Enquirer: 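Pasting a structure below so you can have a look.
Predicted, not measured: the structure shown is a model, and the values here were computed from it.
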Amino acid sequence: MDSLLLSSFSTPSVLSKGGKNWRRCNLKNVEFPGSYVAYNVSRLKVWKVRENTCSAVFQPSSLKHCAKGSETFVFYQRPNERFLVKAAGGQPLESEPKNDMNSAKDALDAFYRFSRPHTVIGTQALSIVSVSLLAIEKLSDFSPLFFVGMLEAIVAALLMNIYIVGLNQLYDIDIDKVNKPYLPLASGEYSIQTGVMIVASFSILSFGVGWLVGSWPLFWALFISFVLGTAYSINVPLLRWKRFALVAAMCILAVRAVIVQLAFFLHIQTHVFKRPAVFSRPLIFATAFMSFFSVVIALFKDIPDIDGDRIYGIRSFTVRLGQKRVFWICISLLEIAYTVALLVLGHTILASILWTNAKSVDLSSKAAITSFYMFIWKLFYAEYLLIPLVR
């Protein structure tokens, strides 16, 4: 099958997008004008095949075809490679049969994308572990009680995070068709009803865990995150705060910098260890430093999304000021934060890496900007590994 498909290419070329290879086949000798382009919209299995008069969005599978006139063109994928080919003699190739294993993988793959895993890792898992460690005063604090309390916080926060990112996708379907077509709602893998069911279930589960744990700091962290996340996305009068650049940035700052640091620290300090609330120097440092980082993420996330935001009236800072200006504002803010925090050697190293990478970013390439945005998230993760060392 592979040899047949490869031999069917006419003038193939290998290009790169976001670090991933993809192939394009220009069909110049067929009986109708135009060309078909197979391209990778993410590292995941969602693809589009476009032509000026024939367009189809394909659900994940290993083989699809689009026919026009007497010609049949086949979109084929195998691990790390994607091909668009013409079936010999105009005869369509049959799709590989799906089995239960493939269906389960596709379902997990779609939910993985829906959950926006980079936010789960940074805003929930790593941040809660890091902040919880700030409450450790002596070796005996590393007890089963501590680990259970930390796990309770992680589970409740993870469930709430999926509610927040899912709700945003529900109200951004049209925008995501331009900015993030690989997301399940934008690609059509999830119906609106499925999205509603997921976000409703996860919000209920999150509050249920918070209530069962019986920790007021944890419960208030969930409640405030719920309110701000809803106000940020939902399209009703006086809400959908993401339309307003400053308000949107303040929402993200409040959740990622203030609530995550203070509420989850107090959950461990007062609920788990039964100690009085104390705002230690490391906690104040963590809150201040992550405020800088949260502002940067709030600004930077809109740089690759400028096209859809401009079309649908989202007045982000990037839309108002331009990509280049906002990009260098973000870099400057992070470099200032790293300079102030030079008491930790790791910050010097991270500042150097940031500057070196920033200078090489092609601001005319959406793929390059998106890749650098994910690099910013990796710096965010790295910071949570350093915070427990600040004493």
Enquirer: Could you tell me whether the side chain of His118 reaches within less than 4.5 Å of the side chain of Tyr381, counting heavy atoms only?
Expert: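 Heavy-atom side-chain distance check passes, below 4.5 Å.
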Enquirer: Looking only at heavy atoms, which two atoms of Ser233 and Asn168 are closest? And how far apart?
Expert: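 Here Ser233 and Asn168 meet closest at OG-OD1, 3.1 Å.
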Enquirer: Yes or no on side-chain contact (heavy atoms from CB on, under 4.5 Å) for Phe293 and Leu334, after CA distance, side-chain angles and deciding distance?
Expert: CA-CA 7 Å; Phe293 236 118; Leu334 277 185; 3.8 Å; yes
Enquirer: Could you state whether Phe207 and Leu158 fall into the same hydrophobic cluster, counting links through intermediate Ile, Leu, Val, Met, Phe, Trp or Tyr residues with side-chain heavy atoms under 4.5 angstrom apart?
Expert: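 In one cluster: yes.
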Enquirer: Over all heavy atoms of both residues, which pair between Pro388 and Leu133 is shortest? Give the atoms and the distance, please.
Expert: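 Taking Pro388 first and Leu133 second, the nearest heavy atoms are CG-CD1, 4.0 Å.
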Enquirer: Answer yes or no: is there a donor N or O on one side and an acceptor on the other, between the side chain of Ser360 and the main chain of Asn357, under 3.5 Å?
Expert: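 Yes.
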Enquirer: Are side-chain heavy atoms of Ile331 and Phe372 found at a separation under 4.5 Å?
Expert: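 Result yes, sub-4.5 Å side-chain heavy-atom pair found.
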Enquirer: Could you tell me whether Trp328 atom CH2 has more than 12 heavy atoms of other residues or ligands within 6.0 Å of it?
Expert: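 Yes, enclosed.
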Enquirer: Within a strict 4.5 Å, meaning less than it, do heavy atoms of the Lys180 and Asp305 side chains meet?
Expert: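 They are in side-chain contact.
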Enquirer: When rounded to the nearest 0.5 angstrom, what distance separates CG in Leu185 from CD1 in Ile173?
Expert: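 Atom-to-atom, Leu185:CG and Ile173:CD1 are 5.0 Å apart.
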Enquirer: Which heavy-atom pair separates Met160 from Ser225 by the least distance, and what is that distance?
Expert: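 The answer is CG-CB, 4.1 Å.
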Enquirer: Rounded to the nearest 0.5 Å, what separation is found between the NE2 atom of His271 and the CG atom of Leu266?
Expert: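 The CG atom of Leu266 is 12.5 Å from NE2 of His271, to the nearest 0.5 Å.
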Enquirer: Mind checking whether Cys251 and Lys242 have side chains closer than 4.5 Å, heavy atoms only?
Expert: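 No, every pair of side-chain atoms sits at 4.5 Å or beyond.
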Enquirer: So how far is it from Arg310 CZ to Asn179 CG, rounded to the nearest 0.5 Å?
Expert: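 Spacing of CZ (Arg310) from CG (Asn179) equals 11.0 Å.
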Enquirer: Quick check against the 3.5 Å criterion: does Gln269 have a side-chain atom that pairs as donor or acceptor with the backbone of Lys274?
Expert: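 Side chain of Gln269 to backbone of Lys274: no pair is present.
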Enquirer: Cut-off 3.5 Å, no hydrogens considered: what does the side-chain donor-acceptor table look like for residues 215-224, sequence neighbours left out?
Expert:
unit_1	atom_1	unit_2	atom_2	d
Ser215	OG	Leu218	N	3.4
Ser215	OG	His267	ND1	2.8

Enquirer: So how far is it from Glu335 CD to Leu350 CG, rounded to the nearest 0.5 Å?
Expert: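 One finds 10.0 Å between CD of Glu335 and CG of Leu350.
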Enquirer: Taking C-beta and beyond as the side chain, do Ser187 and Pro181 meet within less than 4.5 Å on heavy atoms?
Expert: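 Side chain of Ser187 against side chain of Pro181, heavy atoms only: no contact under 4.5 Å found.
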Enquirer: Would you say the side chain of Ile349 lies within less than 4.5 Å of the side chain of Ile353, judging by non-hydrogen atoms?
Expert: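 Yes, side chains in contact.
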Enquirer: Describe, in one word, how the ring planes of Phe146 and Phe273 are oriented to each other, choosing from parallel (under 30°), tilted (30 to 60°) and perpendicular (over 60°).
Expert: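 Aromatic pair Phe146/Phe273 classed parallel.
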Enquirer: Are any side-chain N or O atoms of Gln261 and backbone N or O atoms of Arg256, one a donor and one an acceptor, separated by less than 3.5 Å?
Expert: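 Indeed, once roles are kept as given, a pair shorter than 3.5 Å links the two residues.
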Enquirer: Applying a strict under-4.5 Å side-chain criterion to I, L, V, M, F, W and Y, I'd like to know whether Ile369 and Phe327 cluster together.
Expert: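 Cluster IDs for Ile369 and Phe327 match.
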Enquirer: Got Ile314 and Ile175 here, is their nearest side-chain heavy-atom distance under 4.5 Å?
Expert: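 Yes, at least one pair of side-chain atoms sits under 4.5 Å.
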Enquirer: Applying side-chain contact (heavy atoms from CB on, under 4.5 Å), run through Phe111 and Leu108 and close with a yes or a no.
Expert: CA-CA 5 Å; Phe111 183 75; Leu108 289 173; 5.8 Å; no
Enquirer: Looking only at heavy atoms, what is the nearest atom pair of Ser115 and Val120, with distance?
Expert: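 Closest pair (atom of Ser115, atom of Val120, distance): O-CG2, 3.7 Å.
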Enquirer: Would you say the side chain of Tyr232 lies within less than 4.5 Å of the side chain of Ile252, judging by non-hydrogen atoms?
Expert: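 Of all side-chain heavy-atom pairs linking Tyr232 with Ile252, at least one is under 4.5 Å.
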Enquirer: Can you tell me how far the CE atom of Met290 sits from the CZ atom of Phe285, to the nearest 0.5 Å?
Expert: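 If we round to the nearest 0.5 Å, Met290:CE and Phe285:CZ are 9.5 Å apart.
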Enquirer: Hey, does the side chain of Ser206 reach the backbone of Ala156 with a donor-acceptor pair shorter than 3.5 angstrom?
Expert: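 Yes; judged by distance alone, with no hydrogens or angles, the pair exists.
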Enquirer: Taking Val148 as the starting point, is it possible to reach Ile136 by hopping between hydrophobic residues whose side chains are less than 4.5 Å apart?
Expert: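 In one cluster with Ile136: Val148, no.
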Enquirer: Mark yes or no for whether Glu383, through its side chain, and Leu379, through its backbone, hold a donor-acceptor pair below 3.5 Å.
Expert: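 Not confirmed, Glu383 side chain does not pair with Leu379 backbone.
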Enquirer: Side-chain heavy atoms under 4.5 angstrom apart, residues restricted to Ile, Leu, Val, Met, Phe, Trp, Tyr: same cluster for Leu145 and Phe264?
Expert: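 Same hydrophobic cluster.
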Enquirer: Return yes if a side-chain donor-acceptor contact under 3.5 Å exists between Trp377 and Tyr373, otherwise no.
Expert: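 Judged by distance alone, the side chains do pair up.
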Enquirer: Start with the C-alpha distance between Phe289 and Tyr338, add both sets of side-chain angles, then the distance that settles ring-ring contact (aromatic ring centres under 6.0 Å, His included), and finish with yes or no.
Expert: CA-CA 9 Å; Phe289 192 92; Tyr338 284 136; 5.8 Å; yes
Enquirer: Show your working on side-chain contact (heavy atoms from CB on, under 4.5 Å) between Tyr190 and Leu183 and close with a plain yes or no.
Expert: CA-CA 9 Å; Tyr190 280 179; Leu183 294 178; over 6 Å; no
Enquirer: Within the distance-only criterion (no hydrogens, no angle test), does the side chain of Ser365 pair as donor or acceptor with the backbone N or O of Asp362 below 3.5 angstrom?
Expert: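 No, because the side chain of Ser365 does not come within donor-acceptor range (under 3.5 Å) of the backbone of Asp362.
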Enquirer: Please check if the number of heavy atoms outside Arg275 that lie under 6.0 Å from its CZ is greater than 12.
Expert: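 Correct, the count exceeds 12.
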Enquirer: Write down the atom of Val272, the atom of Gly149, and the distance for their closest heavy-atom approach.
Expert: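 Closest approach of Val272 to Gly149: CG2-CA, 3.9 Å.
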Enquirer: I'd like to know if Arg240 pairs up with Asp172 as an ion pair, taking the criterion as any Lys NZ or Arg NE/NH1/NH2 lying under 4.0 Å from an Asp or Glu carboxylate oxygen.
Expert: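 Salt bridge: yes.
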Enquirer: Side-chain heavy atoms nearer than 4.5 Å, only ILVMFWY residues, links allowed to pass through others: does that put Ile259 and Ile162 together?
Expert: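 Yes, Ile259 and Ile162 fall within the same hydrophobic cluster.
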Enquirer: Might you work through the side-chain contact (heavy atoms from CB on, under 4.5 Å) test for Ile154 and Val129, ending with a clear yes or no?
Expert: CA-CA 8 Å; Ile154 291 173; Val129 171; 3.9 Å; yes
Enquirer: Where do Leu170 and Ile192 come nearest, in terms of heavy atoms and distance?
Expert: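 That closest heavy-atom pairing would be CD2-O, 3.8 Å.
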Enquirer: How many angstroms lie between OH in Tyr384 and CD1 in Ile387, if you round to the nearest 0.5 Å?
Expert: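 It comes to 5.5 Å.
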Enquirer: Could you check whether Tyr163 and Thr230, counting side-chain N and O atoms only, form a donor-acceptor pair closer than 3.5 Å?
Expert: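 Yes.
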